[in-house]
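All values derive from a computational prediction rather than experimental measurement. Chain letters run A, B, ... following the sequence lines, proteins first, then strands; residues in each count from 1. Basis for what follows: all heavy atoms, side chains included, without hydrogens, waters or symmetry-related copies.
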There are 2 protein chains.
Amino acid sequence: MKILAKALGANIRAKRKELGISQDGLALECGVDRSYMGRIERGEVNITVEKLYVISRTLGCEAASLLPALAEIKSED
Amino acid sequence: MKILAKALGANIRAKRKELGISQDGLALECGVDRSYMGRIERGEVNITVEKLYVISRTLGCEAASLLPALAEIKSED
DNA sequence: ATGTGACTTGTAGTCCGTA
DNA sequence: ATACGGACTACAAGTCACA
């Protein structure tokens with residue numbers, strides 16, 4: 001899919017592994033579906049800012065820290 | 001509406017005014033409807049990360065810099 | 001130039017599976 | 001535990017008219 005979603009998903013996955021929790025453990029704590037969290041990490045969906053905050057809160061980091069830099073994304077998305 | 005959307009909208013509006021451009025000027029450059037940009041700034045809608053990047057690119061700043069800190073948003077959204 | 005209402009369409013997000 | 005799919009429902013995205 002889109003570069004942006006993939007980069008964001010990769011950041012979320014990296015942070016999650018850093019904490020040593022499972023994908024569906026994270027999904028459960030975020031109150032989102034297990035299968036949906038998988039799609040997010042794989043960059044198959046373009047999440048809303050609200051969901052980004054729910055996830056970052058659970059991951060214990062700033063929402064801003066999960067976002068890839070603009071330079072990484074270039075002109076498309 | 002939600003605190004998060006309002007805080008984000010306020011940040012976008014502040015950055016836009018800093019650049020001295022109008023709401024529909026920004027909307028035009030972002031390729032979104034004038035009325036929709038108004039709703040974003042007023043925090044009436046919960047935008048996707050993709051839209052956030054389109055707007056931040058037009059504003060010439062990092063997407064992360066438009067996001068309010070987690071501490072400002074507390075447990076709700 | 002901006003706010004608001006009443007829409008339609010696309011997709012985010014949910015819930016159920018199988019491997 | 002994770003990837004992936006199908007079939008939904010909720011809401012973001014986009015358009016237009018009027019104040």
Engineer: Starting at atom CG of A:Asn46, determine the distance to atom P of D:dA10, rounded to an integer number of angstrom.
Structural biologist: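 My rounded result for the distance is 21 Å.
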Engineer: Please write out each protein N/O paired with an N/O of nucleotides 6-9 of chain D under 3.5 Å, distance rounded to 0.1 Å.
Structural biologist:
unit_1 : atom_1 : unit_2  : atom_2 : d
D:dG6  : O6     : A:Arg39 : NH2    : 3.0

Engineer: Kindly compute the distance separating OH (B:Tyr53) from CG (A:Leu8), expressed to the nearest 0.5 Å.
Structural biologist: 7.0 Å
Engineer: What is the distance, rounded to the nearest whole Å, between atom CZ of B:Arg34 and atom P of D:dA19?
Structural biologist: 14 Å
Engineer: Identify whether the distance between the nearest side-chain nitrogen and carboxylate oxygen of B:Lys6 and B:Glu44 falls below 4.0 Å.
Structural biologist: no
Engineer: Starting at atom NZ of B:Lys51, determine the distance to atom P of C:dG10, rounded to an integer number of angstrom.
Structural biologist: 15 Å
Engineer: Counting only N and O atoms by type, is there a donor-acceptor contact under 3.5 Å from the side chain of A:Asn46 to the main-chain atoms of B:Glu50?
Structural biologist: yes
Engineer: Which of the following nucleotides, D:dA13, C:dT14, D:dA3, is nearest to the side chain of A:Arg42?
Structural biologist: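 Among D:dA13, C:dT14, D:dA3, the one nearest the side chain of A:Arg42 is D:dA3.
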Engineer: Using a 4.0 Å cut-off on heavy atoms, which residues in residues 23-32 of chain B reach DNA chain D? List them by number, or say none.
Structural biologist: none
Engineer: Can you get from A:Leu70 to B:Leu26 by hopping between Ile, Leu, Val, Met, Phe, Trp and Tyr side chains that sit under 4.5 Å apart?
Structural biologist: yes
Engineer: Rounded off to whole Å, could you give me the CG-to-P distance for the B:Asp33 and D:dA13 pair?
Structural biologist: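 From B:Asp33 CG to D:dA13 P: 13 Å.
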Engineer: Measuring only the P atom in each nucleotide, how far is D:dG14 from C:dG13? A whole number of Å is fine.
Structural biologist: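 Taking atom P in both D:dG14 and C:dG13, they lie 15 Å apart.
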Engineer: Calculate the interatomic distance between B:Met37 atom CE and C:dT4 atom P; express it in whole Å.
Structural biologist: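 Nearest whole value for this atom pair: 17 Å.
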Engineer: Measure from CZ on B:Arg13 to C1' on C:dT2 and round the result to the nearest Å.
Structural biologist: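 Checked: the CZ to C1' distance equals 8 Å.
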Engineer: To the nearest Å, give me how far apart CD1 (B:Ile47) and P (D:dG14) are.
Structural biologist: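 Result: 11 Å.
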Engineer: Let me check something: do A:Leu28 and A:Ile55 share a hydrophobic cluster, defined by ILVMFWY side-chain heavy atoms less than 4.5 Å apart, either directly or through other members?
Structural biologist: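 Different clusters.
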Engineer: Between A:Glu41 and B:Ile40, which is nearer to the 5' end of DNA chain D once each is assigned its nearest nucleotide?
Structural biologist: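 Nearer the 5' end of the strand: A:Glu41.
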Engineer: Want to settle it: does A:Thr48 or B:Gly38 sit nearer the 5' end of DNA chain C, counting the closest nucleotide to each?
Structural biologist: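 By nearest-heavy-atom nucleotide position, the 5'-most residue is B:Gly38.
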Engineer: For residues A:Leu19 and A:Leu59, report the shortest heavy-atom separation together with the two atoms involved.
Structural biologist: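 In this case the closest contact between A:Leu19 and A:Leu59 is CD1-O, 3.4 Å.
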Engineer: Does a side-chain N or O from B:Tyr36 land closer than 4.0 Å to OP1 or OP2 of D:dG14, or not?
Structural biologist: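 It does not, given that no N or O in the side chain of B:Tyr36 lies less than 4.0 Å from OP1 or OP2 of D:dG14.
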Engineer: Starting at atom CD of B:Glu44, determine the distance to atom C1' of C:dG3, rounded to an integer number of angstrom.
Structural biologist: 8 Å
Engineer: Given A:Glu41, which partner from the list A:Arg16, A:Arg34, A:Lys17 fulfils the salt bridge (charged side-chain N to carboxylate O under 4.0 Å, His left out) test?
Structural biologist: A:Arg16
Engineer: What's the shortest heavy-atom distance between B:Leu67 and A:Val49, and which atoms?
Structural biologist: CD2-CG1, 4.0 Å
Engineer: Has B:Ser65 got a side-chain atom pairing as donor or acceptor with B:Cys61's backbone, closer than 3.5 angstrom?
Structural biologist: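 Checking the backbone N and O of B:Cys61 against the side chain of B:Ser65, no donor-acceptor pair under 3.5 Å is found.
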